[in-house]
Amino acid sequence: MPDDKRLRGRRALKVHVKSARGRKASSVRWLERQLNDPYSAAARAEGYRARSAYKLAEIDDRFHLLAPGKRVVDLGAAPGGWSQVAAARVRSTGDRPLIVALDVLDIDPIPGVAILKRDILEPATLADITAALGADGVDVVLSDMAAPTVGHRQTDHLRTMRLTEAAVEVATAVLKPGGAMVAKAFRGGTENELLAQLKRDFASVRHVKPPASRVESVELYLVAQGFRGRAPA
């Protein structure tokens, strides 16, 4: 993980991108942001597939969720940055994978990670997770999922919160008692019911914005620990 001094050093190196024929101004701004972002630079240098890997690393540094031997489900895992961090921290290996990464998109192989091309909204997905990690339950469920944006803030918020709700549904179905989950959630105003459910199901629920999350982003992460166990059918 990059330390603060290295990140400060990278921030000082400002790169400007010239406009070119056929390149939109929004594309120029995006490219400049990527080139000047210390986390993106660190991800390229350290072999992570996405800068978002540092968000999970920073959350785990604070809450210590990914101990060696823990079994983990990574929902909406593409391109695989969170799974890379999780695999290293739980010490997952190719002969005994402790990580299952799910996405509707293709994910290139990651050492120590079992990859399933699945839609988490499909009922059969729960059986696939159990088959991959065993029926004893999962220790941690991760979700960095967000719906593709359409430019309308309330619509984007509702679509992403639906994915967050789906992640919670999966977590409460597969976690063992005492387990934990981390899920992306956007600021908006429809989270109250979801928070109430989480507080019923988990001993501790917190909102976290890790340093790697861009200041202008409305994203937060829900960190829920101490799963109380599934209610009787």
Side-chain angles (χ1 to χ4, degrees), residues 1-11 29-30 32-34 36-44 46 48-66 72-86 88-89 140-149 151-168 170-171 179-199 201-227:
M1 296 298 112
D3 60 38
D4 289 342
K5 289 182 180 178
R6 288 169 60 194
L7 291 177
R8 284 196 296 269
R10 287 194 174 103
R11 285 191 187 101
R29 290 194 298 271
W30 180 88
E32 279 192 344
R33 186 176 69 175
Q34 291 300 107
N36 290 291
D37 177 18
Y39 287 99
S40 295
R44 291 191 295 270
E46 297 177 16
Y48 289 108
R49 297 181 180 183
R51 72 182 300 285
S52 59
Y54 297 110
K55 299 177 189 178
L56 177 60
E58 290 166 351
I59 291 170
D60 189 51
D61 287 344
R62 178 174 171 183
F63 293 99
H64 309 292
L65 307 173
L66 300 172
V72 180
V73 174
D74 185 7
L75 303 173
W82 277 34
S83 288
Q84 287 178 292
V85 172
R89 296 200 174 198
V140 183
V141 171
L142 305 173
S143 171
D144 194 29
M145 294 186 293
T149 57
H152 184 268
R153 183 168 178 174
Q154 186 64 10
T155 300
D156 292 338
H157 171 80
L158 290 171
R159 293 174 68 190
T160 290
M161 287 310 299
R162 176 64 190 105
L163 292 177
T164 305
E165 290 165 1
V168 171
V170 171
M181 78 168 296
V182 178
K184 177 179 283 184
F186 284 178
R187 294 187 186 97
T190 62
E191 307 99 291
N192 289 341
E193 283 186 32
L194 182 62
L195 282 173
Q197 177 190 342
L198 287 169
K199 288 176 180 178
D201 292 338
F202 292 84
S204 169
V205 181
R206 302 188 193 185
H207 278 107
V208 177
K209 189 172 178 68
S213 180
R214 290 189 171 99
V215 174
E216 69 274 14
S217 173
V218 296
E219 72 180 7
L220 293 170
Y221 288 88
L222 291 166
V223 179
Q225 294 175 276
F227 181 55

Visitor: Looking at every heavy atom in both Q197 and V168, which two are closest together, and how far apart are they?
Guide: NE2-CG1, 3.5 Å
Visitor: Check for a donor-acceptor pair, side chain of E58 on one end and backbone N or O of A212 on the other, with a separation under 3.5 Å.
Guide: yes
Visitor: Using only atom types and a distance under 3.5 Å, with no angle test, would you say the side chain of W82 pairs donor to acceptor with the backbone of S52?
Guide: yes
Visitor: When you measure from the side chain of K209 to the backbone N and O of R214, does any donor-acceptor pair fall under 3.5 Å?
Guide: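 A pair under 3.5 Å: yes.
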Visitor: Any donor and acceptor pair, going by atom type alone, linking the side chain of E165 with main-chain N or O of L194 inside 3.5 Å?
Guide: no
Visitor: Could you pull out all residues at least two apart from A43 that satisfy side chain to side chain contact (heavy atoms under 4.5 Å, CB included)?
Guide: Y48, Y54
Visitor: Could you grab the distance from atom NE2 of H207 to atom CG of L222, nearest 0.5 Å is fine?
Guide: 4.5 Å
Visitor: Search all heavy atoms of S213 against all heavy atoms of E219 and return the closest pair with its distance.
Guide: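 So the minimum-distance heavy-atom pair works out to OG-OE2, 2.7 Å.
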Visitor: Rounded to the nearest 0.5 Å, what separates atom CZ in F202 from atom CG in L195?
Guide: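 F202 atom CZ to L195 atom CG measures 12.0 Å (nearest 0.5 Å).
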Visitor: Pick out which of D144, L66, D74 makes a side-chain contact (heavy atoms from CB on, under 4.5 Å) with L56.
Guide: L66
Visitor: Under the 3.5 angstrom rule, does the side chain of K184 hit a backbone N or O of L163 as a donor-acceptor pair?
Guide: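 No; judged by distance alone, with no hydrogens or angles, the pair does not exist.
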Visitor: How far apart are the closest heavy atoms of A167 and V141, and which atoms are they?
Guide: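 Nearest pair, atom of A167 first, then V141: O-CG1, 4.5 Å.
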Visitor: Partners of D60 by salt bridge (charged side-chain N to carboxylate O under 4.0 Å, His left out), sequence neighbours excluded?
Guide: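 Scan of D60 (salt bridge (charged side-chain N to carboxylate O under 4.0 Å, His left out), adjacent residues dropped) gives R89.
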